[in-house]
Amino acid sequence: MSKKHASRPKGKKLSPSEENLRRGIYLLKSSPLFGGLDGEIIQQSKQRLGAKTPAIVDSAGYIYVNEDIYLSAGQWLYVTAHCLLHLAFGHFDAANMPSYEKLLPDGTTKQAVSFQPFLWNEACDIYIDRFLADLKTGEPLYDLSAHPMPGNLKTELEIYEYLAENHTGASIQYFGTAAPNQCDMSGLSKPLTYDTANGEHNHFAACFAHHMAECVSDAVTQSGGHTKRSFANTPAAKAARWFIDHYPLLGGLAAHFRLIEDYRQCYQQEIRVAAIDIYEQEIYINPACKYNQNQWRFVLAHEYLHAGLNHHERCAGRDAYLWNIACDFVINGWLNEMQIGEMPNDGLLYDESLKGMSAESIYDRMLSDIRKYKKLETFHGNGHRDIIDTNTKSKNAVSLDDFCREALLQGLEFHQSHSRGFLPAGLVEEIRALSMPVIPWDVQLAEWFDIHFAPVEKRRTYARPSRRQSSSPNIPRPRHVTNELPLHNRTFGVIIDTSCSMESRQLGMALGSIASYASAKEVTYARVVFCDAAAYDAGYLSVDEIAGRVQVKGRGGTILQPAVHLLEKAADFPKDGPVLIITDGYIESSLSVKHEHAYLLPSGNRLPFASRSPVFYFKE
């Protein structure tokens, strides 16, 4: 089942009615029974449907919902399920409709009977409402007990005949999803017929029967004490076996992760298509998503690469959801090049313009418009990562990460040595990079010092030859001298957020690393500004003194801009001097720094704004 949304201006916020409508549609798609039924939901305005009509359905399978009418999410679930059941129960089929003539009581002659579409629509509405009440699905639009019907009426035809004989003028507004005195079934004047001899049938009814049988089987399994079913012959399970048998790059990962095709878990976790829990070694598949085997190959390869490329650990203090989105763009681009399976046509994160870019580069680009990219959906759903974070790593979490990397690396070697298919160069490069040790944050900091402070190298000179040449006083010999660099330029600024929430021990460790690298570059002094409730200028300190002078005084909420202004306006600080800002990230939403600068934050924290300057995340 798919849905279409009416076009809206870019950046326009959804109204409360549209928010509830989308939530109701999500609840419908997450339902074990209704989520996989055929039917297409199309949003319309009240100008087209009428101000009092929540929804109507036609015989082609299109359900038109009024995005301007306000209903709760539970009521929208009820309305859309009601319309789907009109299709599933064959209420548009001529074979199910009342006969146009019936036998007289004596059984000898026939009496013509006129077909009444309103009464048939009302009878079908009553039948569906009873069905939904038994399932306890959604919130009814009206009180059904206010209009009781005899309990012995079991079918739509029986209800129709009762209404035809005892109709008291009650309107179908009490039972349907349309406005008063309107049918919520459009097209009853042209009932559907099927040539059964040539294999024609009502595919809406067939789909409903299939999902009903699955739900009954699932209920029996649950009553037998089993919490999870084994879907050995589902398209997703066949797709997983294909990787094990035919695709060595991902075969090791496919064999390691269990597929969980469970309606209830997907509903509870709001999983739209799929999600992976790396530490539990499980991939959750939503059975209500009607993908074929090739589409599931694409989805599973996507999840395997999340695990193999260690995306859950490489977030490194970034916004977790945006990082997931960036990784999705990269993976989907590679899978499209590799032609693994078939790309799903709904909600896939793919952009040809991002081809060749790394996840880190895409993430940096997305920071320029966070609101736009926050609205994108992963395979898990809007606002949820398809890399599930359990928050409690198992004892063997490190070895599990190593396993995923090793499995992917071994799969790469086998894949290439046996010429098993094309692999993008970027994917190969990233897999091989994972086999190398991660560059520690302090090494990255050292590289930053290398950029701003060239080594003080010795050079040869013939000026003033050494007088200690008693053996050959007439032969000039060179000597080594250091380059004469202005010492006032070999300095840098340090802005330290002393009200940060990181511990004094962590801060001391970070400052100790700064001091050691500054000394190695023969940078003996730094211009230091402490910042708590106000900026405090400590002047020039030797790099060995910095750590001893820091006292953490408070917690969070610091404004660093005054400290930046103080340092930039200082007459004794070089105009091109680099600045290192140490903070926990709980600062103002924007910071203007004219000098070359970098940030140093505790691992897991992040800045409240996008920064083009380097950001180092230190760990203990």
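Nothing here was measured: the structure is a model prediction, and the numbers come from that model. Numbers here simply count residues along the sequence, with the first being 1.
The backbone N or O of Leu192 lies less than 3.5 Å from no partner atom in the side chain of Asp93, so there is not a single donor-acceptor pair. In this structure a side-chain-to-backbone donor-acceptor pair under 3.5 Å is missing from Asp351 to Phe329.
Inter-residue side-chain proximity for Gln44 and Ile42 is flagged as met; some heavy-atom pair is nearer than 4.5 Å. Within the 4.5 Å cutoff, no side-chain heavy atoms of His82 are placed close to those of Val79. You'll find the side chain of Tyr279 reaches within 4.5 Å of the side chain of His312, heavy atoms only.
Atom CD1 of Ile63 is separated from atom OG1 of Thr80 by 7.0 Å, given to the nearest 0.5 angstrom. Taking NZ of Lys238 as the start and CG of Asp245 as the end, the distance is 13.5 Å to the nearest 0.5 Å. Once rounded to the nearest 0.5 Å, the distance linking OG of Ser45 with CD of Glu67 reads 6.5 Å. Separation of atoms CG (Leu49) and NZ (Lys46) is listed at 12.0 Å; rounding is to 0.5 Å. Taken to the nearest 0.5 Å, the CG atom of Asn332 stands 4.5 Å off from the CG atom of Leu348. Here His256 contributes atom NE2 and Gln281 contributes atom CD; the two are 3.5 Å apart, rounded to the nearest 0.5 Å.
Aromatic ring centres of Phe89 and Phe131 lie closer together than 6.0 Å. Ring-centre distance between His415 and Tyr247: below the 6.0 Å cut-off.
Note on ring orientation: taking the six-membered ring where Trp is involved, the planes of His302 and His306 are perpendicular (angle over 60°, cut-offs 30° and 60°).
Between Ala288 and Ser31, the shortest heavy-atom distance links the atoms CB-O, 4.1 Å. Considering every non-hydrogen atom in both Leu253 and Gly308, the closest pair reads CD1-CA, 4.0 Å. Looking at every heavy atom in both residues, Glu282 comes nearest to Phe257 through N-CD2, 3.7 Å. Heavy atoms only, all atoms of each residue included: Gly341 and Arg297 are closest at CA-CB, 4.0 Å. Taking each heavy atom of Trp296 and Pro235 in turn, the nearest pair found is CD1-CB, 3.6 Å. Closest of all the heavy-atom pairs between Tyr26 and Ile271 is OH-N, 3.2 Å.
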With side-chain hydrogen bond (donor to acceptor under 3.5 Å, both in side chains) as the test, would you mind laying out the steps for His380 and Glu270 before giving the verdict? CA-CA 7 Å; His380 191 150; Glu270 299 184 350; over 6 Å; no
Verify side chain to side chain contact (heavy atoms under 4.5 Å, CB included) between Glu139 and Ser72, making sure each step is shown before the conclusion. CA-CA 8 Å; Glu139 303 173 18; Ser72 68; 3.0 Å; yes
Run Thr137 and Tyr78 through side chain to side chain contact (heavy atoms under 4.5 Å, CB included) and show every step you take. CA-CA 6 Å; Thr137 299; Tyr78 192 91; 5.7 Å; no
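Of the charged side-chain nitrogens involved, at least one lies within less than 4.0 Å of a carboxylate oxygen, so that Glu360 and Arg314 count as a salt-bridged pair. Asp364 and Arg612 are not joined by a salt bridge, as no carboxylate oxygen comes within less than 4.0 angstrom of a charged side-chain nitrogen.
Under a cutoff of 6.0 Å and an axis angle of 45°, Arg48 and Tyr64 do not form a cation-pi pair.
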